Every structure is written in structure tokens, then in C-alpha cells.
Amino acid sequence: MSQITIESPKHCANKQGLKRFERNYKKLFFVFSAFFTTILLLILLIYLILHPSKPQFSLKELDIYQLNLSGPNLNTTINLTLLSKNPNQKVSIYYDKIVVYGSYKGQQITGDTYVPPFYQDNQESNLLTASLVGNGLPVSPSIGYEFGRDQSSGRLVLNLKVNGKLRWKIGTWVSGHYRFNVNCVSFMAFGPSSLPSASPPLASKQGSQCSTTL
């Protein structure tokens, strides 16, 4: 025996309306998906064509006013001037975070100094100045030995580090954040009478190119 189901015209109309709604929803979803995919691919294509070059930094001037080791603690006062250059012709840069500090033999010898955020247009250069200070920073006992070796050789080697976050701007499009790290190496004459408190300061004005990684 078979069972026959009879549906009312109203029920059939409801089912047809539901199917029509599902078809329209799928079409609308496909259109929006294709639109957003096209926009993302266009942005990626523009980015790959322009392919921003990483910013360039150079150390223009470095003055050490104090580098005094007292027991296990170190007191430092360093002023520096950096040149930041955007080498890109059609890409500008937002520097949202910039932190500068000094390093010696792999150890941080100053506190973190924050440089105010700024915008850098394409092929623009900016001078950045910072005062790095360390009061009673605990350091490794080997620091005193390394200072003695450098004084005997007559040359002091310091690293100036810059860490931060930047964003690329291409036309009206602005990228997400990218971390960048800068390492500047400074060489200067260093004799027995140079420190702990230098007046005039121990200075390096010869400048040096810095390495930048993203």
C-alpha cells in the first residue's frame, strides 16, 4: 500500500519562496565574496609592484658624557643624532613606535628612550635626536674587564639600537604594523683619561651606516 501526500497550494508556494530566497542568498554571497577577493588581490598586486624598500638609518653624531662603572652598577649619559631616510618613491611611512638604547658587548647600558611618532613622506629624510641615560644599571662583572681592554687598545666600540613599529602608506591604503630593528656601530678613541666623566664629551662625528631589518 502506498501513501499519497497531498500538499496545499499555500504550502507549495512557501517551499518555492524558500528555494528562491536560498538561490538569491547564494548569488549575493558569491558576488560579495568575488568583490572582496578582487579588492584584496588588487591591494596585494599594488604592494608587490611597488614593493617598499626598508628605511635607511645612519648615525651622524654621538657624544658620551658619562660612562662610569661603580661596583656592579653603570651610570651612562649619551646623546646621539640619527638620520632616517625613506628611499621609496611612491611609498610613505608612519613610524608609530621608536625606542632607542645603547649597548656594549651585548649588554644594554642605557634605559629605553622613546622618540615621538612621526610621518615620513616618500624620499624624505629626518634627523632624530635622543638622550640616553642609565642610572645605576646592573651589569655583568665582565664589563669592567672589557672597559680596561678597550682603554688599552685605545678604541671604544658601542652599539646604538633602534626598535619599533611602522606602517606603509601607498596612496590611500595603509598597511598593518611591521616591526623593524636598527643596529648602529660607533668607533671612537678611548684612552685612560677619557672617562668616567668626560668634559668635553667623548665624541664621534665621523658617522656610520646602520643595518636595518624588518
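When a residue number appears, it is its place in the shown sequence, counting from 1. Note that this is a predicted model, so its numbers are computed, not measured. Values below: all heavy atoms of this structure, side chains included; hydrogens, waters and symmetry mates excluded.
Shown are N159, L160, N163; of these, the side-chain contact (heavy atoms from CB on, under 4.5 Å) with Y101 is made only by N163.
A single hydrophobic cluster is not seen to contain both V133 and I64; linkage of ILVMFWY side chains at heavy-atom distances under 4.5 Å, directly or through other members, places them apart. There is no path of hydrophobic side-chain contacts, each under 4.5 Å, that joins Y178 to V174. Taken together through direct or relayed side-chain contacts under 4.5 Å among Ile, Leu, Val, Met, Phe, Trp and Tyr, L214 and V115 form part of one hydrophobic cluster. With hydrophobic clusters built from ILVMFWY side chains whose heavy atoms lie under 4.5 angstrom apart, V100 does not share a cluster with L127. Criterion: ILVMFWY side-chain heavy atoms under 4.5 Å apart, direct or through other members. Under it, L128 and I78 are part of a common hydrophobic cluster.
S103 contributes atom OG, which lies 11.5 Å from atom CG of L132 (distance to the nearest 0.5 angstrom). The structure places CD of Q56 at 8.0 Å from OG1 of T212, a figure rounded to the nearest 0.5 Å. Considering CG of L166 and CZ of F118, their distance stands at 9.5 Å, rounded to 0.5 Å. To the nearest 0.5 angstrom, L67 atom CG is 3.5 Å from F147 atom CZ. Distance check: N135 CG to N68 CG gives 11.0 Å after rounding to the nearest 0.5 Å. Here the straight-line distance linking atom CG of L137 with atom CG of N73 works out to 8.0 Å at 0.5 Å rounding.
Formation of a donor-acceptor pair under 3.5 Å by the T76 side chain with backbone atoms of G134 is found in this model.
Listed here is the closest heavy atom pair of V157 and D150: N-OD2, 4.4 Å. Between G102 and T110 the shortest heavy-atom distance is N-OG1, 2.9 Å. Annotation for N122 and N86: closest pair CA-ND2, 3.4 Å, computed over non-hydrogen atoms. Taking each heavy atom of P87 and Q123 in turn, the nearest pair found is O-CG, 4.1 Å. In this structure, S53 and W168 approach most closely via the heavy-atom pair O-CH2, 3.4 Å. When all heavy atoms of T113 and S131 are compared, the pair lying nearest together is OG1-O, 3.0 Å.
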Please lay out, stage by stage, how F180 and K54 fare under the test side chain to side chain contact (heavy atoms under 4.5 Å, CB included). CA-CA 9 Å; F180 70 96; K54 58 188 177 183; over 6 Å; no
Could you check S92 against D121 for side chain to side chain donor-acceptor pair (under 3.5 Å), going step by step and ending with a plain yes or no? CA-CA 5 Å; S92 50; D121 208 351; 4.6 Å; no
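A heavy-atom distance below 4.5 Å is found between the side chains of L82 and L59. Side-chain contact check for V182 versus K161: every heavy-atom pair is 4.5 Å or farther apart. Between K105 and S140, the closest side-chain pair of non-hydrogen atoms is not below 4.5 Å. At least one side-chain heavy atom of Q120 sits under 4.5 Å from a side-chain heavy atom of Y95.
Residue pairs meeting the side-chain hydrogen bond (donor to acceptor under 3.5 Å, both in side chains) criterion with at least one partner in residues 31-43, sequence neighbours excluded, are absent.
Ring pair Y94/Y119 is tilted by interplanar angle, where 30° to 60° counts as tilted.
The salt bridge (charged side-chain N to carboxylate O under 4.0 Å, His left out) check on R167 picks up D96, with sequence neighbours excluded.
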